[in-house]
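Right, one structure below, let's go through it.
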Amino acid sequence: MLFIYQLKVGLCLIAFYLLLKLLLNRETLHRAYRLSLLSAVVLSVLLPLLHVSLPQPSALGQGLVYVEGIIAEAQPSATAAAQTMSWSWLVSCAYIIYIAGIVAALLWQVLSHWRLHQLLRQGSTRRLADGTWLHVVPGSVSPFSFFRHIVISEQDYHDNPREILTHEQAHIHLHHSLDVLLLNVLVALQWWNPAAWLLRRELMLVHEYEADEAVLQRGVDARQYQLLLIRKSVGNQLFSMANNLNHQSLKKRIRMMTRKRSSRWQQLRLLAVVPVAAVLAMACGQKNDKPDEPLTVGVEVPSEGTSPEMVVVGYESAEADNVFDVVEQMPEFPGGTTELMKYLSQNLKYPKEAEAANEQGRVIVTFIVEPDGTPTSARVVQSVSPLLDAEALRVVQTMPKWTPGMQNGKTVRVNYTVPISFKLQ
């Protein structure tokens, strides 16, 4: 589901951002740092889509699966029990807030794009030798670039054209606008996640490092260039989709220009990303082995004998004493889940004494499907009352034989759990 997927992406972004910030933040390996940040975004999007099966599920993976089950169970439905309605309402509100945040972020990007194109129409336009378009506009505008367009004020064009144009052309030739566009989409989808905003800010700072390096490699005096940056440090960053000369982290840029060049061997630090990615893949990729065939069901039983409705709630996984909770081929009621629902709804009877005492709630019964398909060892793991517990056990104990579970080509003993909800109408 979208909510859980975005949560997993967010956790991956946080882990990768903290790791890369620790490894390469102070190094002058700007290209490696930039590629690492972009790779972190791609990996964060792809890792939660993997399906990883482990003999012993990780603690983080079990936690994510548990949260996924809670949210799935809390989805609004006509048969939801009264005690879960408040939780369902909270989940629905969270969805609404999340979608509203995405819409607001995208609208801001559209507005920024529109303002950018409005500015490009002002002033004079000329094409430079490298194929980029230069827009000289009136008024006080901080120099910036967007794809193959450079915007500069008339005053800057007459005072410092070489340094500014070299800086903005570096942004264009290094395709920084593509990075910004990708990160803007990420921030729109992960607007709630501080790591997404910090990662975008870090990447745009690396863009400035690369552009500054290109200017100095063209023979521009470093001291004069740094003074130019200081003079231009006052200004507003109006366009979130553009690369601006006036970046907020001016002190970091000047310090980076004076720093000793890092050794290429420092890039070996990036090997630390491999185990982190593996751990995240195992945690975020851990899923139920049969998501399309739910393994436990809940039954709402009205008091007047009308047909009850079924609620899918999920399952847990573990293994102990030669009894499995998850196997390659799970046991199946004759005819499948639909027939199991019919059997429970047709055979459950609301005890009259429990109805008179207004007893209702959810009884959870667990049992073992033996290698020959016989349900045995039924017991109540979540009790409501002795009357309702006894009725739930009676129905489970009188079930016909199941199709047994299979592991490594052999029939095995498998735990199965059935939550049965008794609700008066």
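We use all heavy atoms of the structure for the numbers below, so side chains are in, but hydrogens, waters and symmetry mates are not.
Residues F146 and W133 keep their aromatic ring centres 6.0 Å or farther apart.
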**Asked** Can L229 and M257 be said to form a side-chain contact (heavy atoms from CB on, under 4.5 Å), step by step?
**Response** CA-CA 12 Å; L229 293 179; M257 281 184 255; 3.5 Å; yes

**Request:** Check the pair E202 / Y17 against side-chain contact (heavy atoms from CB on, under 4.5 Å), numbers first and verdict last.
**Result:** CA-CA 9 Å; E202 192 72 14; Y17 170 77; 4.3 Å; yes

**Asked** When you look at V365 and D389, which way does the side-chain contact (heavy atoms from CB on, under 4.5 Å) test go after all the steps?
**Response** CA-CA 8 Å; V365 179; D389 294 352; over 6 Å; no

**Prompt:** Can K401 and D372 be said to form a side-chain contact (heavy atoms from CB on, under 4.5 Å), step by step?
**Reply:** CA-CA 8 Å; K401 286 189 176 183; D372 65 352; 3.9 Å; yes

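In R26, the CZ atom is not crowded: 12 or fewer heavy atoms of neighbouring residues, nucleotides or ligands sit closer than 6.0 Å. Counting non-hydrogen atoms of neighbouring residues, nucleotides and ligands closer than 6.0 angstrom, the CZ atom of R379 reaches no more than 12 such neighbours.
With F333 as reference, Y343 is the one residue of Y343, Y416, F367 to meet the ring-ring contact (aromatic ring centres under 6.0 Å, His included) rule. Across T366, L393, L388, I364, a single residue satisfies side chain to side chain contact (heavy atoms under 4.5 Å, CB included) together with V380, and that is L393.
Of the possible polar contacts, none joining the S112 side chain to the W108 backbone as a donor-acceptor pair under 3.5 Å is found. With hydrogens and angles ignored, the 3.5 Å screen pairs no side-chain donor or acceptor of D212 with any backbone N or O of R253. Panel note: side chain T28, backbone S262; a donor-acceptor pair is recorded below 3.5 Å. A distance-only check finds no donor-acceptor pair linking the side chain of Q407 to the backbone of V327 [under 3.5 Å]. Judged purely by atom type and a 3.5 angstrom limit, Y5 uses its side chain to pair as donor or acceptor with the backbone of V45. At distances below 3.5 Å, not a single donor-acceptor pair connects side-chain atoms of E370 with backbone N or O atoms of T376.
In terms of heavy-atom proximity, L199 sits nearest to L37 at CD2-O, 4.2 Å. Across every non-hydrogen atom of E328 and G409, the tightest pair is OE1-N, 4.3 Å. The minimum heavy-atom distance linking A392 with I420 is given by the pair CB-CD1, 3.9 Å. W191 and I97 get closest at one heavy-atom pair: CZ2-O, 3.4 Å. Shown here for A105 and A188, the closest heavy-atom pair between the two residues is CB-CA, 3.6 Å. Looking at every heavy atom in both residues, L216 comes nearest to A222 through CD2-CA, 3.7 Å.
Atoms CG and NE2, on L174 and H30 in that order, are 11.5 Å from each other to the nearest 0.5 Å. With values rounded to the nearest 0.5 angstrom, L43 atom CG is found 9.5 Å from L50 atom CG. In this structure, the separation between CD on E208 and CE on M256 is 12.5 Å, given to the nearest 0.5 Å. Atom CZ in F324 sits 10.5 Å away from atom CG in N415 (nearest 0.5 Å). Note: L11 CG to L280 CG = 8.0 Å, rounded to the nearest 0.5 Å. Here the CD-CD distance, from E163 to Q226, works out to 12.5 Å after rounding to the nearest 0.5 Å.
For E359, the side-chain hydrogen bond (donor to acceptor under 3.5 Å, both in side chains) partners are S385, not counting sequence neighbours.
Contact of the V412 side chain with the P404 side chain is not registered, since no non-hydrogen atoms from C-beta on lie closer than 4.5 Å. By the 4.5 Å heavy-atom criterion applied to side chains, L186 and L182 are not counted as neighbours. Side-chain contact between L344 and M399 is present, with at least one heavy-atom pair separated by less than 4.5 Å. Taking the side chain as every heavy atom from C-beta outward, Q360 and V384 never approach each other to under 4.5 Å. You'll find the side chain of L19 reaches within 4.5 Å of the side chain of V273, heavy atoms only. Residues I172 and D130 are not in side-chain contact: their nearest non-hydrogen atoms beyond the backbone lie 4.5 Å or more apart. Contact check for N322 versus R413: no side-chain heavy atoms found under the 4.5 Å cut-off. Contact check for L270 versus L24: side-chain heavy atoms found under the 4.5 Å cut-off.
With respect to the salt-bridge test (charged N to carboxylate O, under 4.0 angstrom), the residues R261 and E213 qualify. The pair E27-R269 meets the salt-bridge criterion, with a side-chain N (NZ, NE, NH1 or NH2) lying under 4.0 Å from an Asp/Glu carboxylate O. Between E210 and R31, no side-chain nitrogen of the basic residue sits less than 4.0 Å from a carboxylate oxygen of the acidic one, so the salt-bridge criterion is not met.
Taking the six-membered ring for Trp and thresholds of 30 and 60 degrees, H171 and H167 have ring planes more than 60 degrees apart, a perpendicular arrangement.
For the residue pair R200/N184, the side-chain donor-acceptor check at 3.5 Å is satisfied. Under the 3.5 Å distance criterion, with hydrogens and angles disregarded, a donor-acceptor pair is assigned to the side chains of E168 and S145. Side-chain atoms of H135 and Q122 include no donor-acceptor pair closer than 3.5 Å. Side-chain contact check for Y350 and E391: no donor-acceptor pair (N or O, by modelled atom type) lies under 3.5 Å.
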